[in-house]
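Naming: A, B, ... by sequence-line order, numbering from 1 per chain.
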Number of protein chains: 2
Amino acid sequence: MAHPDKHIPTDAARQDSGATQGPKFQKKLTDILSSAAEVIAERGFQGASVREVAARGGVGLSGIYYYFKSKDEMLFAIQRNTFTALIAMLQEKLAGVTNPETGLRLVVENHLGYFLNHPQELKVCFHELDSLSGDYYQRVLSLRREYYDLVRSALARFGKSDEHTTSLNTLFLFGSLNWVNMWYDPSERNDSQNVIERLVDLYLRGITGATQISN
Amino acid sequence: MAHPDKHIPTDAARQDSGATQGPKFQKKLTDILSSAAEVIAERGFQGASVREVAARGGVGLSGIYYYFKSKDEMLFAIQRNTFTALIAMLQEKLAGVTNPETGLRLVVENHLGYFLNHPQELKVCFHELDSLSGDYYQRVLSLRREYYDLVRSALARFGKSDEHTTSLNTLFLFGSLNWVNMWYDPSERNDSQNVIERLVDLYLRGITGATQISN
DNA sequence: TAACAAATCGAACGTTCGTTCTAATTATAC
DNA sequence: GTATAATTAGAACGAACGTTCGATTTGTTA
């Protein structure tokens, strides 16, 4: 009881994005999360040791626990930040868009564009969905659903399929999108636009049944 | 040196499928591999403990090492068996088939059919590709390439796309196929045929650009 | 039953893991 | 400069990990 008040790590699980903490704290927290995404993408969540995350983040082992309550919370923070960003960016891009083809193109560009800039984070989100449990899992699940609904409603604008088929097409599209990080090498980023075009073409024809490519 | 000869676990890495060992040995080996696929699918490779695999397989902890040299070898055996089976089944189905639509349908039916019967094995193969290294990794990689080439050549029969586009379409298809085990619930196996049909429809139109569905 | 191999068991090894604790250091405010 | 909080550092905890080993049991062949 000699100590005034035990430090409670800022609870990255809360949505208070930095109001209570200085920018220096937020910067370090972001650095650690970036390192964590790196290590988890490489070794998997269970295989990623907190010690290595700490080393790459330039902190001591116990320093990690000043910023996060647990290893689980780090994974949760990565997934929450990523899905929140994906949703916000997509909502902004889709605002006011009515043309279905444009909507599909924006969906693909948004998702693959984010993958090009944050390959580790996206890999973690798509690869470690089941590594969380309890409250963390549920909250990420609801974000995933929100993102799914956004994409689904974009595909629904084509009006060419019944509801169930639209749902299936959405899931097929997510498969194609997420599988990209299994084979695409970002070092040769010359043909990234081509990948986007071919994927849009494929689903455009697949959904509408016509060859009405514009550009 | 009091012992005649140390037992060398039958080297599941070799391709001698049971000539040197009795059927009882092979049975138990299969049981263990099945349990291993179960645990690895649930907890990931790093998170799967040999102790739990042993428990579910009805063996003591050290009993595992009578059948396998290491945990890595177990993962290798699962992936090798799965890809070998997928390749063999697909080759048999595609034998003599020239119609491109039939080929695509057989590819999808083969892959998703295997998923329905062996969900854990397929999840392990698609989820733990990078958990192997060295020789094990290379040998699985070459099997994956063989399977990929089979599917790619089936899509190439449509003759509607250039080579690069065909490659991309193949990768997109693999994404859709492998993503299925992230959302499909095998307990409601009523609509599995519908999933296959919708996926075939989507890629049929996407590749050919026409709506030439037969049945 | 005797001999031998095949298969299983239990205990132990060295390591690494996530987490915690206390003390020391640095920054901030009066 | 002194007090107070924010941040870091180091050592240690028990638990779980993959693997090994010698002994024991089970099965097979004479």
query = Is the base of C/dG18 touched by the side chain of A/Ser70 through a donor-acceptor pair closer than 3.5 angstrom?
reply = no
ask   = For the pair made of CZ in B/Phe68 and C1' in C/dA7, what is the distance, rounded to whole Å?
value = 15 Å
query = How many Å lie between CG on A/Asp72 and P on C/dG18, as a whole number?
reply = 10 Å
task = Would you confirm whether A/Tyr148, through its side chain, and A/Thr170, through its main-chain N or O, come within 3.5 Å as a donor-acceptor pair?
result = no
Run the side-chain donor-acceptor check on residues 121-128 of chain B: report pairs under 3.5 Å with partners two or more places apart or on a different chain.
| from | atom 1 | to | atom 2 | distance (Å) |
| --- | --- | --- | --- | --- |
| B/Lys123 | NZ | A/Asp130 | OD2 | 3.4 |
| B/Lys123 | NZ | B/Ala41 | O | 3.3 |
| B/His127 | NE2 | A/His127 | O | 3.2 |
| B/Glu128 | OE1 | B/Ser131 | OG | 2.8 |
| B/Glu128 | OE2 | B/Phe45 | N | 3.3 |

remark   = Applied to residues 30-56 of chain A, the salt bridge (charged side-chain N to carboxylate O under 4.0 Å, His left out) test, sequence neighbours excluded, yields A/Lys27-A/Asp31, A/Glu38-A/Arg56, A/Glu42-A/Arg56, A/Arg43-A/Glu52, A/Glu52-A/Arg56
message = C/dA7, OP1 or OP2 - any side-chain N/O from B/Tyr67 closer than 4.0 Å?
response = no
task = Identify which nucleotide among D/dC21, D/dG18, C/dA7 has an atom closest to any side-chain atom of B/Tyr65, counting heavy atoms from C-beta outward.
result = D/dG18
remark   = Of C/dG10, C/dA6, D/dA9, the nucleotide closest to the side chain of B/Tyr66 is C/dA6
task = Give me the residues of residues 42-61 of chain A where at least one heavy atom lies under 4.0 Å from an atom of DNA chain C, by number, or none.
result = A/Ala48, A/Ser49, A/Val50, A/Arg51, A/Leu61
task = Write down the distance between NZ (A/Lys28) and C1' (D/dT7), rounded to a whole number of angstrom.
result = 10 Å
query = Can you tell me how far C1' of C/dG18 sits from CD of A/Glu73, to the nearest Å?
reply = 14 Å
Rounded interatomic separation in angstrom, taking CD1 from A/Ile64 and C1' from C/dT19 = 12 Å
note = Taken in chain and number order and not counting sequence neighbours, the residues that satisfy ring-ring contact (aromatic ring centres under 6.0 Å, His included) with B/Phe83 are none
message = Run the side chain to side chain donor-acceptor pair (under 3.5 Å) test against A/Arg157 and tell me which residues pass, sequence neighbours left out.
response = none
query = For the residue pair B/Phe76 and B/Val140, what are the closest heavy atoms and their distance?
reply = CD1-CG2, 3.6 Å
task = Measure from NZ on A/Lys24 to C1' on C/dT28 and round the result to the nearest Å.
result = 11 Å
task = Round to the nearest Å and state the distance from B/Leu29 atom CG to C/dA6 atom P.
result = 16 Å
ask   = Quick one: ring-ring contact (aromatic ring centres under 6.0 Å, His included) partners of A/Tyr147, sequence neighbours excluded?
value = A/His111, A/Phe174
key: Rounded interatomic separation in angstrom, taking CE from A/Met74 and P from C/dT19   = 10 Å
